[in-house]
Asks: 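One structure is given below, represented as structure tokens, and several questions about it will come after.
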2 protein chains.
Amino acid sequence: MRLTERNLKETGREYALRMLKENIINLDLIPGSMLSENELSAEMNLSRTPVREALIELSKVKIVEVYPQKGSAVAFVDYELVEEARFMRDVLEGAVVELACRMATEKDISDLRENVRLQEFYMENRFPDKLLELDNEFHQMLFHITSKDQVYHLLDSITIHFDRVRRMSLAVVKDLKTISDHKEIVEAIAAKSGEEAKRLMEKHLSRYKFDEEALRKEYPGYFK
Amino acid sequence: MRLTERNLKETGREYALRMLKENIINLDLIPGSMLSENELSAEMNLSRTPVREALIELSKVKIVEVYPQKGSAVAFVDYELVEEARFMRDVLEGAVVELACRMATEKDISDLRENVRLQEFYMENRFPDKLLELDNEFHQMLFHITSKDQVYHLLDSITIHFDRVRRMSLAVVKDLKTISDHKEIVEAIAAKSGEEAKRLMEKHLSRYKFDEEALRKEYPGYFK
DNA sequence: TTGCGGCAACTAGTATACCAGTGCTTGACA
DNA sequence: TGTCAAGCACTGGTATACTAGTTGCCGCAA
């Protein structure tokens with residue numbers, strides 16, 4: 001486990017959750033490895049209670065498996081779940097971006113444009129972390145504009161399966177195409193052309209395809 | 001709180017969760033009322049720990065609000081959230097039923113037909129509870145057929161907002177139309193006509209419309 | 001009568017203690 | 001040497017104890 005500082009006014013449970021998620025995504029906690037509530041709580045300077053609550057939450061989306069009286073483990077990569085995450089994302093984002101064409105205000109659109117401008121800036125200046133953050137924010141904004149925040153949160157919870165595989169494929173390329181995709185989407189929203197926006201979103205999301213067989217070969221033992 | 005027996009091999013947390021959900025949906029726990037971890041645990045013969053874990057889970061989908069150091073409360077009806085639940089259901093079920101046309105095996109289709117047959121049986125013999133159960137099962141089957149079980153679970157978690165309003169509108173009519181809808185959907189799947197199935201599902205789900213203003217008048221104080 | 005200070009009674013969050021299972025190790029016996 | 005059983009060391013689940021923060025009430029003073 002690689003730990004970072006505990007934020008101020010973050011409860012122990014939130015901290016444990018954040019740490020676990022980060023370490024699962026970046027593979028510091030390797031798929032299949034056992035997690036001990038005792039070890040984790042010692043490591044994070046917490047008692048078992050908040051750690052346990054975090055583990056329960058992660059087990060809800062099957063990224064952690066809890067075997068009563070035996071132990072908990074980081075779930076193996078389950079391609080079915082990765083597909084579910086992708087499916088959910090494709091379907092919901094498509095619908096949301098279409099809605100956004102009808103609901104976005106002038107301010108929303110200029111906020112989106114501002115976000116894309118920042119993406120370009122951080123791309124030029126090579127800030128990959130910041131870029132990823134802005135990417136996520138871009139998509140979240142679309143849900144917020146259409147008053148679908150809760151939907152976003154649910155989607156976010158399952159997306160961890162997707163993120164972990166993305167990390168494995170090192171497909172954090174975040175190249176110029178991503179940004180120009182975003183740009184086109186914003187302009188489609190501004191033009192209020194729902195069909196076009198949806199089509200662009202589908203094209204955008206289809207860039208994230210992983211070769212399951214290749215990954216299985218590269219990371220044997222990580223898969224279910 | 002109206003309590004039922006605790007199932008065998010059900011953990012305290014699962015029991016507490018089930019009881020809370022049931023009582024929230026059927027309005028025995030009225031929107032806005034305070035929930036005390038201490039009272040609840042005494043009432044259910046549990047300690048605070050499992051009750052607390054159940055409350056945390058419910059607060060994730062905003063059906064329970066937790067105010068740190070002050071108390072928890074059943075959330076008021078928030079029409080935004082009801083709309084989010086409806087949106088998510090419409091979008092995902094539409095996509096799933098379309099997928100089912102491509103993926104359903106002969107066995108799946110005969111299972112679906114069997115489910116609908118049972119619905120007809122329980123309709124004739126007036127078993128509204130059983131009918132509701134079969135209805136839910138029908139929809140769940142579609143997700144299972146298309147290997148989208150986890151998506152179903154996430155959808156299910158937000159649907160509680162929808163269910164509570166449905167209960168308020170007493171729209172548990174479960175009339176013949178519902179069953180004939182199901183029948184048509186199954187046949188569209190059998191015929192592998194995706195477009196048709198999707199259209200039918202949209203028609204089916206559109207039957208659940210509530211008159212927000214009327215409900216607000218009937219249940220003042222239940223709304224946010 | 002009104003305003004204000006302090007205390008009592010709550011809360012959620014966390015820590016700790018206890019219990020009932022599980023599986024692995026170890027050692028005795030065939 | 002192989003086998004099997006007893007025990008031990010772990011687990012997650014639950015109960016309980018403790019802490020710190022909030023609210024509101026009660027009584028006293030102006």
Asks: What protein N or O atoms touch nucleotides 10-14 of chain C N or O atoms at under 3.5 angstrom, if any, and at what distances?
Replies:
{"residue": "C/dT11", "atom": "OP1", "partner": "B/Ser36", "partner atom": "OG", "Å": "2.8"}
{"residue": "C/dT11", "atom": "OP2", "partner": "B/Asn38", "partner atom": "ND2", "Å": "3.1"}
{"residue": "C/dT11", "atom": "O3'", "partner": "B/Gly71", "partner atom": "N", "Å": "3.4"}
{"residue": "C/dA12", "atom": "OP1", "partner": "B/Ser72", "partner atom": "N", "Å": "3.2"}
{"residue": "C/dA12", "atom": "OP1", "partner": "B/Ser72", "partner atom": "OG", "Å": "3.0"}
{"residue": "C/dA12", "atom": "O4'", "partner": "B/Gln69", "partner atom": "N", "Å": "3.1"}
{"residue": "C/dA12", "atom": "N3", "partner": "B/Gln69", "partner atom": "OE1", "Å": "3.2"}
{"residue": "C/dG13", "atom": "OP2", "partner": "B/Arg52", "partner atom": "NH1", "Å": "2.6"}
{"residue": "C/dG13", "atom": "OP2", "partner": "B/Arg52", "partner atom": "NH2", "Å": "3.4"}
{"residue": "C/dG13", "atom": "N7", "partner": "B/Arg48", "partner atom": "NH2", "Å": "3.0"}
{"residue": "C/dG13", "atom": "O6", "partner": "B/Arg48", "partner atom": "NH1", "Å": "2.8"}
{"residue": "C/dT14", "atom": "OP1", "partner": "A/Gly12", "partner atom": "N", "Å": "2.4"}

Asks: Indicate whether any N or O donor in one side chain lies under 3.5 Å from an N or O acceptor in the other, for A/Asp156 and A/Thr159.
Replies: no

Asks: For A/His182 and A/His139, take the angle between the two ring planes, folded into 0 to 90°, and tell me which bin it lands in: parallel under 30, tilted 30 to 60, perpendicular over 60.
Replies: perpendicular

Asks: Atom CG of B/Leu17 and atom P of D/dT14: how far apart are they, to the nearest Å?
Replies: 12 Å

Asks: If you compare all heavy atoms of A/Glu14 against all heavy atoms of A/Lys9, which two are closest, and at what distance to 0.1 Å?
Replies: OE1-O, 4.3 Å

Asks: In whole angstrom, give the distance that lies between atom CE of A/Met44 and atom C1' of C/dA15.
Replies: 15 Å

Asks: Take the angle between the ring planes of B/Tyr79 and B/Phe223 and call it parallel below 30°, perpendicular above 60°, tilted in between.
Replies: parallel

Asks: Determine whether a donor-acceptor pair (N or O, by modelled atom type, separation under 3.5 Å) exists between the side chain of B/Arg6 and the backbone of B/Glu10.
Replies: yes

